[in-house]
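See below for the structure under consideration.
These figures come from a predicted structure and were not determined experimentally.
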Amino acid sequence: MMTSSNQKAYRAILDTLLARYPELKCVQEDILTAYDLLCDCFRGGNKVLICGNGGSAADAGHIVGELMKSFTLRRKMDPAIYRRLEALVPETAEGFGRYIEGALPAVDLTGSGAFSTAFQNDVSGEYVFAQQVYGLAKEHDTLWCLSTSGNSTNVILAAQMAKAKDVTVIGMTGGGGGELLRWCDVCIRVPAEETYRVQEFHLPVYHALCAMLEAVFFGGENSQ
């Protein structure tokens, strides 16, 4: 449940980001839009799929790690699920209660080596993310695309498939946005063009987004 303390917390996280990286003030509104879209996705019981190449593939896995487990706050598991575990497996329920954390459902599309290499070898490397969006995404899920240039073919094709399935698309790119820009509901175009510089800005942006989401969904009376 949204409370005033949750709202203050997520705003403070964004303010801290902009104080540390004043160059990112130009994308402040896009960060807030991405945050709103992600909130809508999770509140609706949907999931986020994330893709990218190279360093952006590493970032995709990093984001999933921050969403699927505690990041900066202690997260409680759903009390209703815990009560069911108490009834189902009373001998191990305490362990579930101690170690299972609240999660925001997210899938790293770069993480399935067996599928990805099979599809790239047998079918097409360019469509490897699009195939997973086709197979995994449901209406009102979100696809989070990372591409420093905005012109990664496999990422663009995944975004196109997402739009065909009524899936929200969030992009993170360098300053130009590339071809990916036209397929995004919002695209956070950080003020850099060199790959390593774009990635240096991407990390604090997605850390802030993950912390903002955690503050809203697990902050206040939900935290310990």
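In this structure, the separation between CG on L203 and CE on M172 is 8.5 Å, given to the nearest 0.5 Å. Here the NZ-CZ distance, from K76 to F218, works out to 12.0 Å after rounding to the nearest 0.5 Å. For the atom pair CG (L17) and NZ (K25), the distance works out to 11.0 Å, reported to the nearest 0.5 Å.
Linking ILVMFWY side-chain heavy atoms closer than 4.5 Å, directly or via other members, places V27 and L213 in a single hydrophobic cluster. A continuous path of ILVMFWY side-chain contacts below 4.5 Å connects F119 to L143, so both sit in one hydrophobic cluster. If you chain together hydrophobic residues whose side chains sit under 4.5 Å apart, M212 and L67 fall into the same group. Hydrophobic cluster membership is shared by I170 and L146, with clusters built from Ile, Leu, Val, Met, Phe, Trp and Tyr side chains linked at under 4.5 angstrom.
Residues T110 and C51 share a closest heavy-atom pair of CG2-CA, 4.3 Å. The nearest pair of heavy atoms linking A106 to M68 is N-SD, 3.6 Å. The shortest non-hydrogen separation linking K69 to G65 is CG-O, 2.9 Å. Heavy-atom minimum distance, L49 versus A137: CD1-CB, 3.6 Å. Smallest separation of non-hydrogen atoms from A130 and M161: O-CG, 3.7 Å. Here the shortest heavy-atom pairing between V48 and C41 reads CG2-SG, 4.1 Å.
Partners of E139 under the side chain to side chain contact (heavy atoms under 4.5 Å, CB included) rule, at least two apart in sequence or in another chain, are D166.
When side chains are defined from C-beta on, T72 does not count as touching I13, because their heavy atoms never get closer than 4.5 Å. Looking at heavy atoms from C-beta onward, R74 lies in side-chain contact with E101 at the 4.5 angstrom threshold. The shortest side-chain heavy-atom distance between V123 and Q131 does not fall under the 4.5 Å cut-off. Annotation: side chain of I31 is in contact with side chain of L209 (closest heavy-atom distance under 4.5 Å). A 4.5 Å side-chain heavy-atom check between L14 and Y35 finds every atom pair outside the cut-off. Proximity of I63 to C210: side-chain heavy atoms (C-beta onward) are separated by under 4.5 Å at one or more points. The shortest side-chain heavy-atom distance between D108 and I50 does not fall under the 4.5 Å cut-off.
The backbone N or O of L109 sits less than 3.5 Å from a side-chain atom of Q132, completing a donor-acceptor pair. In this structure a side-chain-to-backbone donor-acceptor pair under 3.5 Å is missing from D141 to N46. Using modelled atom types, one side-chain atom of K165 and one backbone atom of Y134 make a donor-acceptor pair closer than 3.5 Å. Proximity of a side-chain donor or acceptor of Q120 to a complementary backbone N or O of V128 within less than 3.5 Å is not detected.
Classification of the F42-F217 ring pair by plane angle, with boundaries at 30° and 60°, yields perpendicular.
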Intermediate values then yes/no, side-chain contact (heavy atoms from CB on, under 4.5 Å), V198 and T173: CA-CA 7 Å; V198 174; T173 70; 6.0 Å; no

From CA spacing to verdict: side-chain contact (heavy atoms from CB on, under 4.5 Å), L32, Y10: CA-CA 10 Å; L32 285 169; Y10 90 73; 4.3 Å; yes

Full working for side-chain contact (heavy atoms from CB on, under 4.5 Å) between F129 and N53: CA-CA 10 Å; F129 296 143; N53 297 292; 3.9 Å; yes

Stepwise side-chain contact (heavy atoms from CB on, under 4.5 Å) check, L37 with V186: CA-CA 9 Å; L37 292 172; V186 63; 3.7 Å; yes

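No more than 12 heavy atoms of other residues, nucleotides or ligands shown are found within 6.0 angstrom of CD on E94.
Look at R83 and E86 and you find no salt bridge, because none of the NZ, NE, NH1 or NH2 atoms lies under 4.0 Å from a carboxylate O. K163 has a carboxylate O that lies under 4.0 Å from a charged side-chain N of D185, or vice versa, which qualifies the two as a salt bridge.
Residue L88 belongs to a hydrophobic cluster whose other members are M77, I81, Y82, L85, V89, F96, I100, with links defined by side-chain heavy atoms closer than 4.5 Å.
N154 and S152 are not linked by any side-chain donor-acceptor pair at a separation below 3.5 angstrom, with hydrogens and angles left out of the test.
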